[in-house]
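Below, chain A is the first sequence line, B the second, and so on; all start at residue 1.
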Protein chains: 2
Amino acid sequence: MRQIKKPTIRDVAQEAKVTTSTVSRVLNESTLVKPRTRQKVLDAIERLGYIPSKTARIFKSGKSYILGLVIGQSHISNIMFNAGFQAQFKALTEKAHKEGYNILLITAATADSESYFEVIKNQVADGFIIFSPSQNDTLTAMLEEADIPYVYNMKYSDNPQDRYYVSSDDVEGGYIAGKYLLDLNHKHIRFVVGSVKGGYLPFNADRIRGFQKALKQYGVPFQEEMIVKIPGQMDESYNGIHKLFQTDRPTALMISNEITTVAALNYFFDHGIRVPQDLSVIGFGPSEFFRSLRPNLTNVSYDLAWSSAKLVDLLLQRIEGKPVTPEMPKKPELVIRDSTARYSEAAPKPS
Amino acid sequence: MRQIKKPTIRDVAQEAKVTTSTVSRVLNESTLVKPRTRQKVLDAIERLGYIPSKTARIFKSGKSYILGLVIGQSHISNIMFNAGFQAQFKALTEKAHKEGYNILLITAATADSESYFEVIKNQVADGFIIFSPSQNDTLTAMLEEADIPYVYNMKYSDNPQDRYYVSSDDVEGGYIAGKYLLDLNHKHIRFVVGSVKGGYLPFNADRIRGFQKALKQYGVPFQEEMIVKIPGQMDESYNGIHKLFQTDRPTALMISNEITTVAALNYFFDHGIRVPQDLSVIGFGPSEFFRSLRPNLTNVSYDLAWSSAKLVDLLLQRIEGKPVTPEMPKKPELVIRDSTARYSEAAPKPS
DNA sequence: CTGTTAGCGCGTTCAT
DNA sequence: ATGAACGCGCTAACAG
């Protein structure tokens, strides 16, 4: 029977001829309630179709069991089609649910600290996982000031104050990719990284550092043009690859972004550039994704399930006010598949 | 300065030497407050770093501006890599944010009505968007009984009681795909649909109906084996396609699921089956996705942004208790690209 | 074992 | 223009 107004604990109490405390007790299965009274209450609940107000409970307890996932408005449009983001998102969600939390998706209108802080402080959540705005310097400070538990999904700044994230070992990632190509006798290598306001994000800087380390080890001099900055969306990436291949003809490519990787493969398909016969390609990201491409792509695989779980653990520790135990990043792995081949001078080049 | 305890409206009142009512007034920019008092309060807020408790506000107002998005635990693992789901998810999120709501991601442990209802009633949200369990008969009844606003993301049952969803015109979708292939002289057509417990979901039933309509119109007799049920995950799909092509050699394929489509294209790539020379392929889903495949895929494109926005509108109407205005489904469109070709007997078949 | 009382943080009367 | 008092739904401390 439809009620005009949702029944409250008081209605139940009245119906069962007890007090609200007693009802509360049976609801929380707390202190011994006499079975008969208990039954009376349960009957009343059943009769009224009573559902305890979650809102009131959150209000009372101060715990919502909600984790806010904060993303910039502009990001969300593109990010959902990004395999790396998806994998991370999925892993975060699963871990959160496993721990009894739900994920509240929050978007900030613009990608600046003020906008982020504005939406964060206006949400009900026990803590926040932040896919950061371009620069998060002041955001971190504001969150600390307001005593709001948060973690970043990755390393966004080199500021030692920003220590709440779980990093992957990106230097190692860039290193093993570069080393493998050098082992295959490639020297004309290009590393395609995402372009953000003309620069690149810290994790790409790390990957580049690793790449440089490999080069040095093999005695190949690093040159600026080895790093190619291309935006991460499908069409822009396609055009960026096009532009690159008009003036340059590398024998091997490392690509730091999944969408750009797909765009590049499409470009090669469209222009008869054979992978790996004419060009070796290495991707970065979740391994399953690259396995679904043709050819199957050699890739540097990060354990996103692991790091996402760690990230949630970190946030929960902060929420519970426990001392934070820093975790060493897990090493990425090189998964060798069909997109990389040994380079030999004699190899025919298509005209 | 870090507080031991977060300041409340009372602390602000005390600090500003006014009462909580006044503070409340400046917070809500309500009735004229004398500028000087107003300033005093603002200063106090600033000094204390006071942030109004969202929780208390929700509790008071009864509005959380949160929409719950309910998904089965088992779904979420696979669903995130599904282009159709992603597009819908993205559209739902964007529309919700545009309307001032955030999306709370909720997963049910198992895909039955009881499990769904259990998590739904225990969440704070003004309404729910439900990616349904396999059978939702009792779920609908329970939600109605509890007077909880909800909508389903698509048509899940033929029960007329289930009227809170925005349907796409799937009959039309199946029809235009079939008609186009028949126009291209194909007769040996297979329609691959997702398999759910040996049967298929209502939207696939509709697409099949449309396909049958086209067949009839062209005088081609429908046969049961034209419908091929294959699970929607990558590896299972690949195997399913493999199994199909071992015993059958259609000239055209309609594929109802994006992941299965990718798996099929991979299978064709691996086995030298050329699209469209040897086989025409039509996909169903968001057009941008199929454009990122090689070859560019002809596909039936649904306007998910539109229907998702409508869905949120519908839910908001229910939340506000307004009468619900049913909407006619938008017609899907056939986007013709490079994966379909005219069939001629003379065409060479690879051995 | 159960009832009484108080209070979480805020908004909203009703006075003044 | 501002303050005092009350209540939202629930839980918890304290009585009895």
Side-chain angles (χ1 to χ4, degrees), chain A residues 3-45 48-65 121-126 146-148, chain B residues 3-45 48-65 121-126 146-148:
Chain A
Q3 304 287 132
I4 297 183
K5 212 173 159 338
K6 301 206 177 177
T8 76
I9 198 171
R10 263 186 277 276
D11 300 320
V12 177
Q14 196 173 352
E15 176 79 14
K17 299 192 177 66
V18 294
T19 51
T20 58
S21 323
T22 307
V23 178
S24 176
R25 285 190 190 101
V26 329
L27 286 176
N28 296 291
E29 297 162 349
S30 79
T31 3
L32 298 322
V33 180
K34 191 159 62 172
R36 260 200 57 209
T37 332
R38 190 184 144 74
Q39 195 52 49
K40 278 201 309 188
V41 173
L42 290 176
D43 289 346
I45 288 174
L48 268 46
Y50 167 73
I51 297 175
S53 157
K54 185 73 180 179
T55 305
R57 286 183 155 175
I58 291 178
F59 173 56
K60 193 56 186 142
S61 69
K63 283 274 313 183
S64 64
Y65 289 96
K121 75 174 190 184
N122 278 311
Q123 283 313 141
V124 43
D126 298 334
D147 206 19
I148 295 174
Chain B
Q3 305 286 132
I4 298 185
K5 213 171 159 339
K6 300 204 178 180
T8 77
I9 197 172
R10 263 186 277 275
D11 299 322
V12 177
Q14 196 172 352
E15 176 79 13
K17 298 195 179 63
V18 294
T19 50
T20 58
S21 326
T22 307
V23 179
S24 177
R25 285 191 190 99
V26 328
L27 286 176
N28 296 288
E29 297 163 349
S30 78
T31 4
L32 298 321
V33 180
K34 190 158 63 172
R36 259 200 56 209
T37 336
R38 189 183 146 72
Q39 195 52 51
K40 276 202 310 188
V41 172
L42 290 176
D43 289 346
I45 288 174
L48 268 47
Y50 166 72
I51 297 175
S53 157
K54 185 73 180 180
T55 305
R57 286 184 155 174
I58 292 178
F59 174 55
K60 235 334 225 181
S61 68
K63 284 273 312 182
S64 65
Y65 289 96
K121 75 174 189 182
N122 278 311
Q123 285 311 142
V124 43
D126 298 333
D147 206 19
I148 295 173

Rounded interatomic separation in angstrom, taking CD1 from A/Ile51 and C1' from D/dG9: 14 Å

Rounded interatomic separation in angstrom, taking NZ from A/Lys34 and C1' from C/dC1: 7 Å

With sequence neighbours excluded, residues passing side chain to side chain contact (heavy atoms under 4.5 Å, CB included) with A/Glu15: A/Ala44, A/Arg47, A/Leu48

Whole-Å distance separating the NZ atom of A/Lys40 from the C1' atom of C/dC1: 12 Å

Check: A/Lys40 and A/Asp43 side chains under 4.5 Å, non-hydrogen atoms: no

C/dG9 OP1/OP2 closer than 4.0 Å to side-chain N/O of B/Ser53: no

B/Lys17 atom NZ, neighbour heavy-atom count above 12 within 6.0 Å: no

Side chains of A/Thr55 and B/Ser64 in contact at under 4.5 Å (non-hydrogen atoms): no

Nearest-Å distance for atom pair NZ/P, residues B/Lys63 and C/dG11: 16 Å

Sugar-phosphate only, base, or nothing, as touched by B/Thr8 at under 4.0 Å among non-hydrogen atoms: sugar-phosphate

A/Gln39 CD - C/dC1 C1' separation (whole Å): 17 Å

Sugar-phosphate or base contact per nucleotide [nucleotides 11-16 of chain D; S, B, -; heavy atom under 4.0 Å]: BBB---

A/Lys54 NZ - C/dC8 P separation (whole Å): 22 Å

Heavy-atom side-chain proximity of B/Arg57 to B/Leu27 below 4.5 angstrom: yes

A/Arg10 CZ to D/dC10 P, straight-line distance once rounded to whole Å: 8 Å

Proximal nucleotide (of C/dC1, D/dA1, C/dT4) relative to the B/Thr37 side chain: D/dA1

Within-4.5 Å side-chain heavy-atom neighbours: B/Val124 and A/Val124: no

Separation of atom NZ in A/Lys17 from atom P in C/dT2, rounded to whole Å: 15 Å

Sub-4.5 Å side-chain heavy-atom contact between A/Phe59 and B/Ile58: no

